Amino acid sequence: MKVIYNDGTVKECAPEEELHIIRHSAAHIMAQAVKRLYPQAKMAFGPATEKGFYYDIDLGDATLSDSDLEKIEAEMKKITKANLPFKSFILPREEAVALMQERGEDYKVEHIADLPEDAVISFFQQGEYIDMCVGPHLTYTKALKAFKLTKVSGAYWRGDEHNKMLTRINGIAFHNQTELDEYLKLLEEAKKRDHRKIGKEMGLFMMCDEGPGFPFFLPNGMIIKNQLIDYWREIHTRDGYVEVSTPMIMNRRLWETSGHWDHYKDNMYATKIDDEDYCIKPMNCPGGVMVYRSQPHSYRDLPLRIGELGLVHRHEKRGELHGLFRVRCFTQDDAHIFMRRDQITDEIAGVVHLINEVYEKFGFKYFVELSTRPEDSMGSDEDWEDATNGLKNALEQLNMPYIVNEGDGAFYGPKIDFHLQDSLGRTWQCGTIQLDFQMPLNFGLEYVAENGERERPIMIHRVCFGSIERFIGILTEHFAGKFPTWLAPTQVKVLPVSEKSMAYAESVTDALKAAHIRVALDSRSEKIGYKIREARQIDRVPYMLIIGAKEVENGTISVRDRATDSTTEMKLEEFLAKVGQEIADRV
């Protein structure tokens, strides 16, 4: 695909760059359409993103709703049909400022002021529209063949809540209409699977204005949460972890020592106790450190694997809250491993195997990313190099492919992130392994080595689910609410056809309860078709047992399987064995 660069040259771009350039060009064409319809509009930022593009715009007194997007789309189609050429030019700083002032683009002028004095300021123009941009772009507007505007929302200028709220218009663009249609189909399926919608239908969780960002788990949601916790405890006990619980509120001095106060205080909640500053923990790690430090350790004690299901609180902006995916309090399935240097590779390998086991349990594929030292970090170059090499060596010994994500490590150490892929092909960052030389140093942690000398342990921070709340949201959308039998809030629903079969249905229900199967009896005087539809579409139960005159006479049950939507007549004992095995095997 030929594109135009900011120096005016036209040449083929790399295939992996094409979609980004298409979407960036779409943002400019959308901005041109907006300016035609709303001449008073002032443009802020309009980048391409991984999922599409957007433009933040100051519309003055005008407001947009989703219905207005059709008008903007129609104007964009006129622009593409006109096949306007994209042209580039460069201006000195003063001329660039004058041009943007002349055109009333106050936000662009402010942006120029932030650029270095010797910055080359380039512009792209199609028709009457001029935008400050580094490019590259399509050569003609007609090359934008498939696009759609998706939503209108608010966004603060520069992401700062103290600045003016702008209008953000989001859109998507692809190479062709077939790709766009496939993506729109995926979006429609994602809407059906929205965990907020399913969570309400199934009674999993709720949010309320009295606690924005603080989820309330309802009885059915607590069943799923507790099943995940039971599974977590089982595999961690097997792998030699011990479990602790550390306080939710601790003195500010602790967080200053750990480094969180300097690097994370804007996301922390604080309070006063006895005239001293205390913080509600945003992470569990300093508590785990205090547990280690509470008694002396020998080299024989290591590795020491300490797990904690800790409730943490982080201040997120209200506009960024989203169901269970972005909340202000959540349960981290944390663990902190204290070890000798010679144990690093084996311990990381053990954690990788554990996380892999968890993701395979739910049918997730994943890829691995190694994140290196960020600019805002603590510790020596030597420690960072050792820590990064420790993670690299472990991944290479495991023959595990990985992508390097430069500069995205934690402030105290590099990390391995696990990005899982759900049934719709979307990726989620959940599991992580962080290698930390700094916190043991800050807190003066020690162990007595084999030679009697005092040594400093190395620390691993790691999670499998990440946030149990967020993981439940991901699972809800991954399974579309049709949780596997072991996780399903209601595993079996007994559906009597009429009052005549009620007594037998009750005895079947009692037998299921005695076998520790989560069962509900639908004793309402509704038609059986209605009961089946509700059990399948709303409650999404794995199994429905239909009890009518024939089943009463034969002493059997008719089992309707959610997975196949087929009905099979069988003995109750046979069904109990089948479901009991599924639950035991967690399938």
Side-chain angles (χ1 to χ4, degrees), residues 1-15 17-49 52-59 62 64 68-91 95-96 98-105 107-108 111-112 120-150 167-177 179-180:
M1 185 177 82
K2 287 189 176 181
V3 299
I4 182 169
Y5 290 82
N6 63 3
D7 62 359
T9 58
V10 175
K11 56 186 177 183
E12 293 285 334
C13 70
E17 296 175 339
E18 289 183 359
L19 203 51
H20 181 87
I21 294 169
I22 288 170
R23 289 168 175 172
H24 198 177
S25 302
H28 281 230
I29 292 170
M30 180 182 73
Q32 183 179 9
V34 170
K35 290 284 279 188
R36 286 182 176 183
L37 296 170
Y38 304 90
Q40 80 283 6
K42 297 180 179 183
M43 317 311 290
F45 288 129
T49 67
F53 62 91
Y54 70 82
Y55 221 120
D56 290 344
I57 307 166
D58 184 347
L59 289 168
L64 292 185
D68 294 312
L69 297 184
E70 292 181 10
K71 292 190 301 182
I72 299 171
E73 267 188 37
E75 194 63 37
M76 290 175 70
K77 288 175 182 176
K78 290 180 185 177
I79 294 168
T80 57
K81 188 175 181 180
N83 202 21
L84 304 172
F86 277 90
K87 301 174 182 177
S88 67
F89 60 93
I90 294 171
L91 292 178
E95 291 183 32
L99 176 64
M100 291 295 96
Q101 286 176 334
E102 177 187 339
R103 301 179 72 86
E105 297 293 359
Y107 296 96
K108 302 293 184 182
H111 185 201
I112 292 172
V120 174
I121 301 172
S122 58
F123 294 84
F124 281 81
Q125 178 173 4
Q126 76 272 11
E128 79 285 0
Y129 183 72
I130 299 174
D131 206 340
M132 188 172 78
C133 184
V134 296
H137 285 287
L138 301 171
T139 53
Y140 288 87
T141 57
K142 196 174 183 178
L144 179 63
K145 299 183 182 299
F147 61 89
K148 185 170 183 60
L149 303 185
T150 54
T167 298
R168 175 170 292 182
I169 304 176
N170 285 82
I172 50 175
F174 288 90
H175 292 91
N176 53 56
Q177 192 64 38
E179 288 182 6
L180 176 60

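In this chain, residues are counted from 1 in sequence order. Bear in mind that the values here come from a model prediction, so they are computed numbers and not experimental data. Side-chain atoms are counted along with the backbone in the values below, which use heavy atoms only and exclude waters and symmetry mates.
- Side-chain contact between F86 and I29 is present, with heavy atoms from C-beta onward closer than 4.5 Å.
- Smallest separation of non-hydrogen atoms from A44 and Y107: CA-CB, 3.9 Å.
- Annotation: side chain of F174 is not in contact with side chain of K145 (no heavy-atom distance under 4.5 Å).
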Checklist entry - Does the side chain to side chain contact (heavy atoms under 4.5 Å, CB included) test come out yes or no for Y140 and L138, once each step is laid out? => result CA-CA 6 Å; Y140 288 87; L138 301 171; over 6 Å; no

Using atom types as modelled, flag every donor-acceptor pair under 3.5 Å from a side chain in residues 76-83 to any protein atom, sequence neighbours excluded.
unit_1	atom_1	unit_2	atom_2	d
T80	OG1	M76	O	3.4
T80	OG1	K77	O	2.9
N83	OD1	K142	N	3.3

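- A 6.0 Å sphere centred on CD of E12 holds more than 12 heavy atoms belonging to other residues, nucleotides or ligands.
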Next on the checklist: Before you tell me yes or no, could you show the steps for K2 and K11 under side chain to side chain contact (heavy atoms under 4.5 Å, CB included), namely the whole-Å CA-CA distance, both residues' side-chain angles and the distance that decides it to 0.1 Å?
Outcome noted: CA-CA 5 Å; K2 287 189 176 181; K11 56 186 177 183; over 6 Å; no

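- Looking at heavy atoms from C-beta onward, I72 lies in side-chain contact with L64 at the 4.5 angstrom threshold.
- Side chains of I21 and C13 form a contact here, defined as non-hydrogen atoms less than 4.5 Å apart.
- Nearest approach of Y129 to M43, heavy atoms of both residues: OH-CG, 3.7 Å.
- Here OG of S25 is found 9.0 Å from NE2 of H20. Values are rounded to the nearest 0.5 Å.
- Between the CZ atom in F53 and the NE2 atom in H24 there is a gap of 11.0 Å [rounded to 0.5 Å].
- The shortest side-chain heavy-atom distance between I130 and L99 falls under the 4.5 Å cut-off.
- L19 and A173 get closest at one heavy-atom pair: CD1-O, 3.8 Å.
- Interatomic distance, L37 CG to L59 CG, rounded to the nearest 0.5 Å: 10.5 Å.
- The aromatic ring centroids of F45 and H111 lie less than 6.0 Å from each other.
- Side chain of E179 to main chain of H175: a donor-acceptor pair is present (N/O by atom type, distance under 3.5 Å, no hydrogens or angles).
- Once rounded to the nearest 0.5 Å, the distance linking CG of L84 with OG1 of T139 reads 12.0 Å.
- Every pair passing side chain to side chain donor-acceptor pair (under 3.5 Å) that includes a residue from residues 32-41 is listed here, sequence neighbours excluded: Q32-Q126, Q32-E128, K35-E105, R36-E75, R36-E128.
- Inter-residue side-chain proximity for M30 and L149 is flagged as met; some heavy-atom pair is nearer than 4.5 Å.
- A cation-pi arrangement is present between R168 and Y54 under the rule of less than 6.0 angstrom and at most 45 degrees off the ring axis.
- Residues passing the ring pair (Phe, Tyr, Trp, His ring centres under 6.0 Å) test with F89, sequence neighbours excluded: F123.
- The residue from N170, T167, D131 that alone fulfils the side-chain hydrogen bond (donor to acceptor under 3.5 Å, both in side chains) condition with Y55 is D131.
- Between E95 and I121 the shortest side-chain heavy-atom distance does not fall below 4.5 Å.
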Checklist entry - Which is it for I4 and T9 under the side chain to side chain contact (heavy atoms under 4.5 Å, CB included) test, yes or no, and what are the steps along the way? => result CA-CA 6 Å; I4 182 169; T9 58; over 6 Å; no

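- The shortest side-chain heavy-atom distance between S122 and I90 falls under the 4.5 Å cut-off.
- The two residues R23 and A48 have their closest heavy-atom pair at CB-CB, 3.9 Å.
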